[in-house]
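Worksheet: one structure, shown below.
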There are 2 protein chains.
Amino acid sequence: MRFMTSLKFIDVVAREGSIRKAADKLAITSTALNRRILQIEDEIGQPLFERLPGGVRLNTAGEIFVQHIRLQFADLARVQSQIADLSGIRRGHVRIASGADALRRLLPETIATYRASHPAVSFDLVRCYGDESESRLFSLDADIALIFAPIRAAHVHVAATLRQQIHCVMPADHRLAAREQIRLRDLAGEKLVLPTAQSGVRQLLDTGLLRRNVETDVILESDSFEFMQNFLHFEPSLFFQIPIAIGAGGDGPANDFDPRLVARPIHPDDVPAGTLHICHLKGRVLPVAAAKFLDDIITTLRDSYHQDVDQ
Amino acid sequence: MRFMTSLKFIDVVAREGSIRKAADKLAITSTALNRRILQIEDEIGQPLFERLPGGVRLNTAGEIFVQHIRLQFADLARVQSQIADLSGIRRGHVRIASGADALRRLLPETIATYRASHPAVSFDLVRCYGDESESRLFSLDADIALIFAPIRAAHVHVAATLRQQIHCVMPADHRLAAREQIRLRDLAGEKLVLPTAQSGVRQLLDTGLLRRNVETDVILESDSFEFMQNFLHFEPSLFFQIPIAIGAGGDGPANDFDPRLVARPIHPDDVPAGTLHICHLKGRVLPVAAAKFLDDIITTLRDSYHQDVDQ
DNA sequence: GCAAAGCGCTGCAAAAATTGCACTGCTTGC
DNA sequence: GCAAGCAGTGCAATTTTTGCAGCGCTTTGC
């Protein structure tokens, strides 16, 4: 897209924070890039960047303009996929930002199903915590975000929510495995494996544990659910998940939760249920492929996971 | 805006329906323009125009793309005015499409009041009928439309509505001037001066007259309310207006309705009240100036005209 | 029925722009 | 106080865009 290059250049400079670095990335000389930026600033009538000793940074006008640029790119992509649709090709690209919770089963399954009927649609999946997911929506680097945490920013539109009770995962022969529900006081003295502090699961757990003053033994902290689950086979301990991450509740053939492990819900009086938010940027027209995929996620949750989905 | 020229060119070609005509308008050669269009079609991967013997016409892909282009231009204008706002200049431009009804008092008064506090904001006013107003919103040639007629297109967002009973305007010494309300049967044999068939007032009147089979004498048809009002001084006859067009109801000093004429409402059982719609394009973020002006119109109607405004 | 006019499109040379190189002035970090 | 890294500038090379002349085509008018 020749007519978008100057705009793309500005976007990259804004991201890199330096004209020279951006020029490197764009495979042109810094002088050419510099002049393009000066020219556009001239056309706008105001500088878009502050010149700092170590590079450049967007000023307020630049922030506004770059946001406009990113929206243009996203909208152009939408228009292109819409035009491609006309010739029956049905191609497109969907960019998702998701917490680790949805990576075990929900997203792999939904994406595979979607691609079965639309093989020309490609996907981008970035695993990140709630705050980054939100900012990815805002910078239009993601079309859809799955966030298991409270939503902070006003620019996020929540298309659907799903209540999830935190479960305690343990070896099948653990003394707590006999219980139907776990109380927090049961965890006293137990060895815990916890997700990092940024995780929504951890935040919910922490408030419960702090309030009740339960003395626990946190032996491991990780941002990888897979690692934590594997760890349990080597040192008996407890870790925590939400149902969609466990894969329980799904009725497909691939309920792949490890048979040597069991999951028991924590009593809702101790730790309240959290909310999985399925979101996109407020006021944005999603590309056809992304809009359709968003529908698919919600349908999958309702039909296959038998979960109450609020829309 | 150098980086928008190619897009502007496509927009103009689409409007002109011919590359050569568009090239004339843009003050370049048709060959240069032609090649720019071929290049963009190449980048899009599909033709945007059908080549006809007498010129070119947008195909479906082109329709989608041109709509995108126009939105970009409108959004760029919004961004620019937002950036200008930062430096405290508060400039901007508001484009209005309105029926003749709002031209007597509502728009002059509201625009003047607005400009008193924002002297750097300029206005564009195009007088047109409902259908054209709607298409102007769609082609982003207008930010705001005032339409006294039913809304047809789905892409129009109605920000506020105002019920308006049609009034019959006549010389003060007319035999009907004594009545508080006019019935359609009173009009039998009267000489009528009517707005053109495209006008909302005319459409409402026609359905009433047809249903009741009233025999009338239409001596004049015009699209100019001013002309029709002046005509009444030379040949006693009846013409029709809605309150905001008469200027009645306003409590400002400029109730400029001609003292030699009087207006009497038509009985609502004969001709139902019509609706004035104040609209903008659905899903569009209006430029700051336009958004503020839209608020002002609604406030003026509510406060100064004491009209019930539905939002 | 045939010429004239109008249309989109192409080869080629001129004009205009963008780019890269060498270099300046500036600040920061060691 | 000197090297390194930054944005910006003059100038020549390069790439892109433009204009001219002309082609093939269809419609219009006599």
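Across C:dG8, C:dT27, D:dA7, the shortest atom-to-atom separation from the side chain of A:Pro53 is found for C:dT27. For A:Arg36, the listed nucleotide lying nearest its side chain is C:dT18; candidates were D:dA7, C:dT18, C:dT10. Side-chain proximity of A:Thr31 to C:dA17, D:dT9, D:dT27: nearest is D:dT9. Residue B:Ile19 has its side chain nearest to C:dG8 when only D:dC20, C:dG8, D:dA7 are considered.
For the pair A:Glu16 CD and D:dA7 C1', the computed distance is 16 Å after rounding to whole Å. In this structure, the CG atom of A:Leu52 is 13 Å from the P atom of C:dG29, given to the nearest Å. Here the P atom of nucleotide C:dT19 and the CZ atom of A:Arg20 are 17 Å apart, to the nearest Å. Atom-to-atom, CZ of B:Phe3 to C1' of C:dA17 comes out at 17 Å; the value is rounded to the nearest Å. Whole-Å rounding puts the A:Leu33 CG to C:dT18 P distance at 14 Å. Rounded to an integer number of Å, the gap from NZ of A:Lys21 to P of D:dG5 is 10 Å. Between A:Asp42 atom CG and C:dA17 atom P there is a gap of 14 Å when expressed in whole angstrom units. Rounding to whole angstrom units, CG of residue A:Leu26 and P of C:dT19 are separated by 11 Å.
Between the side chain of B:Glu221 and the main chain of B:Val193, no donor-acceptor pair closer than 3.5 Å is present.
Regarding contacts with the backbone of C:dC9, a side-chain N or O of B:Asn34 is found under 4.0 angstrom from either OP1 or OP2. Residue B:Arg51 has a polar side-chain atom (N or O) positioned under 4.0 Å from OP1 or OP2 of C:dC9. One finds a side-chain N or O of A:Gln39 lying less than 4.0 angstrom from the OP1 or OP2 phosphate oxygen of C:dT18.
The aromatic rings of A:His157 and A:His280 are tilted relative to each other, their planes meeting at an angle between 30° and 60°.
When side chains are defined from C-beta on, B:Met1 counts as touching B:Gln80, because their heavy atoms get closer than 4.5 Å.
Across all strands shown, B:Arg35 has heavy atoms under 4.0 Å from base atoms, whether or not it also approaches the sugar-phosphate. Nucleic acid contact class of A:Ser18 (heavy atoms, under 4.0 Å, all strands): sugar-phosphate only. In this structure, A:Ile28 reaches the sugar-phosphate backbone alone: every heavy-atom distance under 4.0 Å involves primed, P, OP1 or OP2 atoms, never a base.
Of the candidates A:Glu43, A:Arg36, A:Gln39, A:Ser6 forms a side chain to side chain donor-acceptor pair (under 3.5 Å) with just one, namely A:Arg36.
Here the straight-line distance linking atom CD1 of A:Ile64 with atom CD1 of B:Ile83 works out to 5.5 Å at 0.5 Å rounding.
Comparing A:Gly54 and A:Leu38 along DNA chain D, the residue whose closest nucleotide (by nearest heavy atom) sits nearer the 5' end is A:Gly54. Mapping B:Glu41 and B:Arg2 onto DNA chain C by nearest heavy atom places B:Glu41 at the nucleotide closer to the 5' end.
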